[in-house]
**Student:** 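Pasting in a structure now, in structure tokens, and then I'll have a few things to ask.
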Amino acid sequence: MYLAIDTSSETAGLALFHNQKVIAENSWRCNRNHSVELLPHIDALLKQTLITINDIEGIIVARGPGSFNGIRVGIGSAKGLSFSLNVPIVGISTLEAAAYQHSDSTLPICVIMPAGHQEIASAIYQKQNEWTCLEKECITTLDTLFSRITQPTIFGGEINSEMVSAIQQKLLPFAQFDNTSCSRITALVNLGEQRILNSMIDDVSLIQPLYLRKPRISQPKSRTVLFSNEPDGTTCS
């Protein structure tokens, strides 16, 4: 029995997987409340399926990219469960899981997630003789990405309507938007199970979130600046 955890975005996901079948899965709009909501949802999923925490034989977790806080909570919870239960843990790129939702196709699969500042996180995968990463996760822009697409390609991930419109305008001969064959949490489980069965597990003490850039953390303002009467000073609100 494997437990999968995906807290990469404001929609969190969980799944229980046994004998190559999803026993139960749950996704919910978490916003930024991952630290408060994740463990209660894991407990509820176990109770719903009459499974105890000691039945879990492996943990599969999405490493990001995505929400800084969400990924940190997901990885921390997964590591805690893996260590306390003494079961293997596997971390999977969130972009790879999103691409694997389209793994029934043999076309290249370009997956995108918003990264802020008019940038995106992207990666490209393809099912050739085996599942292959053609371009690793990176921060880029849509225009730069467009210049690299030279053949029919499936687009997936977290793509809003503006992105779809831009992709269709720039890549009309090549862009395809196929329906996914499974949820992202199910794709995450399928990838994780393959790696556990092939003994490609992670060291619980070393597994880390996949951040493509450092989080923006503001430096604390001094009291002098906070209460300055200068025109360019910042005032308390």
**Student:** Would you compute the distance between atom OG of Ser103 and atom CG of Asn190 and round it to the nearest 0.5 angstrom?
**Tutor:** 7.5 Å
**Student:** Decide whether Ile207 and Leu188 are clustered together by the hydrophobic rule: side chain heavy atoms of Ile, Leu, Val, Met, Phe, Trp, Tyr closer than 4.5 Å, transitively.
**Tutor:** no
**Student:** Considering residues, nucleotides and ligands other than Phe83, do more than 12 of their heavy atoms fall under 6.0 Å from its CZ?
**Tutor:** no
**Student:** Got a donor-acceptor contact below 3.5 angstrom from the Ser122 side chain to the Val111 backbone?
**Tutor:** no
**Student:** Please determine whether the number of non-hydrogen atoms from other residues, nucleotides or ligands lying under 6.0 Å from atom CD of Glu162 exceeds 12.
**Tutor:** no
**Student:** Is the shortest heavy-atom distance from the side chain of Val61 to the side chain of Ile92 under 4.5 Å?
**Tutor:** no
**Student:** Once side-chain hydrogen bond (donor to acceptor under 3.5 Å, both in side chains) is applied, do any residues pair with Ser199, and if so which ones, sequence neighbours excluded?
**Tutor:** none
**Student:** Would you say that Glu119 contacts Thr140 through its side chain, given a criterion of any heavy-atom pair below 4.5 Å between the two side chains?
**Tutor:** no
**Student:** Decide if atom CD of Gln128 counts as having more than 12 heavy atoms of other residues, nucleotides or ligands within a radius under 6.0 Å.
**Tutor:** yes
**Student:** So, Ser67 side chain and Ser9 main chain: donor-acceptor pair closer than 3.5 Å or not?
**Tutor:** no
**Student:** Between Ser147 (side chain) and Thr144 (backbone), is there a donor-acceptor pair under 3.5 Å?
**Tutor:** yes
**Student:** Once you round to the nearest 0.5 Å, how far does CG of Asn198 lie from CE of Met200?
**Tutor:** 6.5 Å
**Student:** Counting only heavy atoms not in Asn86, do more than 12 fall under 6.0 Å of its CG?
**Tutor:** no
**Student:** Minimum heavy-atom separation for Asn31 to His34, with atom names?
**Tutor:** O-CE1, 3.2 Å
**Student:** Counting N and O atoms only, with roles assigned by atom type, does the side chain of Thr186 sit under 3.5 Å from a partner on the main chain of Cys182, one being a donor and the other an acceptor?
**Tutor:** no
**Student:** Treating Tyr2 as the side-chain partner and Val189 as the backbone partner, does any N or O pair qualify as donor plus acceptor under 3.5 Å?
**Tutor:** no
**Student:** Decide whether Val204 and Leu81 are clustered together by the hydrophobic rule: side chain heavy atoms of Ile, Leu, Val, Met, Phe, Trp, Tyr closer than 4.5 Å, transitively.
**Tutor:** yes
**Student:** For Asn54 and Thr52, does a side-chain donor sit closer than 3.5 Å to a side-chain acceptor?
**Tutor:** no
**Student:** About how many Å separate CD of Glu193 and CD of Gln20, when rounded to the nearest 0.5 Å?
**Tutor:** 5.0 Å
**Student:** What are the two closest non-hydrogen atoms of His102 and Asp178, and how far apart are they?
**Tutor:** CE1-O, 3.3 Å
**Student:** Taking the side chain as every heavy atom from C-beta outward, state whether Ile56 and Leu46 have any atom pair closer than 4.5 Å.
**Tutor:** yes
**Student:** Using side-chain heavy atoms (C-beta onward) and a distance below 4.5 Å, is Phe155 in contact with Leu171?
**Tutor:** yes
**Student:** Donor-acceptor pair, Asp43 side chain versus Leu39 backbone, under 3.5 Å?
**Tutor:** no
**Student:** Can you name the closest pair of heavy atoms from Gly74 and Thr7 and give their distance?
**Tutor:** CA-OG1, 3.2 Å
**Student:** Is there a continuous path of hydrophobic side-chain contacts, each under 4.5 Å between heavy atoms, that joins Ile154 to Ile124?
**Tutor:** no
**Student:** Is there a side chain to side chain contact (heavy atoms under 4.5 Å, CB included) between Val164 and Phe177? Walk through the geometry before answering.
**Tutor:** CA-CA 9 Å; Val164 170; Phe177 297 90; 4.1 Å; yes
**Student:** Just by distance, do the side chain of Ser181 and the backbone of Gln101 share a donor-acceptor pair under 3.5 Å?
**Tutor:** yes
**Student:** Compare every heavy atom of Gln126 with every heavy atom of Leu134, then report the nearest pair and how far apart it is.
**Tutor:** CD1-OE1, 3.5 Å
**Student:** For Gly66 versus Ile71, what's the shortest heavy-atom pair and its separation?
**Tutor:** N-CD1, 3.3 Å
**Student:** Measure from the side-chain N and O atoms of Gln176 to the backbone N and O of Pro152, and report whether any donor-acceptor pair falls under 3.5 Å.
**Tutor:** no
**Student:** Report the distance from atom CD1 of Ile201 to atom CD1 of Ile89, rounding to the nearest 0.5 Å.
**Tutor:** 10.0 Å
**Student:** Give a yes or no answer on whether the side chain of Glu57 reaches the backbone of Met1 with a donor-acceptor pair at less than 3.5 Å.
**Tutor:** yes
**Student:** Identify the two heavy atoms, one from Gly64 and one from Leu210, that lie closest to each other, and give their separation to 0.1 Å.
**Tutor:** O-CD2, 3.5 Å
**Student:** Within a strict 4.5 Å, meaning less than it, do heavy atoms of the Thr153 and Leu107 side chains meet?
**Tutor:** no
**Student:** Decide yes or no on side chain to side chain contact (heavy atoms under 4.5 Å, CB included) for Leu14 and Trp28, but give the supporting numbers first.
**Tutor:** CA-CA 9 Å; Leu14 296 170; Trp28 72 99; 3.9 Å; yes
**Student:** Rounded to the nearest 0.5 Å, what's the gap from CD on Glu10 to CD on Glu158? Could you check?
**Tutor:** 9.0 Å
**Student:** Is there a path from Ile139 to Met113 through hydrophobic residues (I, L, V, M, F, W, Y) whose side chains come within less than 4.5 Å of each other?
**Tutor:** no
**Student:** Could you name each residue pair satisfying salt bridge (Lys or Arg N to Asp or Glu O under 4.0 Å) that touches residues 135-153, not counting sequence neighbours?
**Tutor:** Glu135-Arg148
**Student:** Can you tell me how far apart CD1 (Ile75) and CD1 (Ile5) are? Round to the nearest 0.5 Å.
**Tutor:** 9.0 Å
**Student:** Is there side-chain contact between Ile112 and Leu145, with at least one heavy-atom pair below 4.5 Å?
**Tutor:** yes
**Student:** Mark yes or no for whether Ser165, through its side chain, and Ser161, through its backbone, hold a donor-acceptor pair below 3.5 Å.
**Tutor:** no
**Student:** Check whether any side-chain heavy atom of Ile109 lies under 4.5 Å from a side-chain heavy atom of Lys127, and answer yes or no.
**Tutor:** no
**Student:** Which one of Ile185, Ile42, Leu16, Leu45 satisfies the side chain to side chain contact (heavy atoms under 4.5 Å, CB included) criterion with Asn26?
**Tutor:** Leu45
**Student:** In terms of heavy-atom contacts, does CG of Asn160 have more than 12 from other residues, nucleotides or ligands at under 6.0 Å?
**Tutor:** yes
**Student:** Give a yes or no on whether Leu206 and Tyr211 share a hydrophobic cluster (residues Ile, Leu, Val, Met, Phe, Trp, Tyr; joining criterion: side-chain heavy atoms under 4.5 Å apart).
**Tutor:** no
**Student:** Less than 4.5 Å apart, any side-chain heavy atom of Ile196 and any of Ile60?
**Tutor:** yes
**Student:** Among all residues two or more places apart in sequence or in another chain, which pass the ring pair (Phe, Tyr, Trp, His ring centres under 6.0 Å) test with Trp131?
**Tutor:** Tyr100, Tyr125
**Student:** Name the one of Arg63, Arg184, Arg195 that satisfies salt bridge (Lys or Arg N to Asp or Glu O under 4.0 Å) with Glu96?
**Tutor:** Arg195
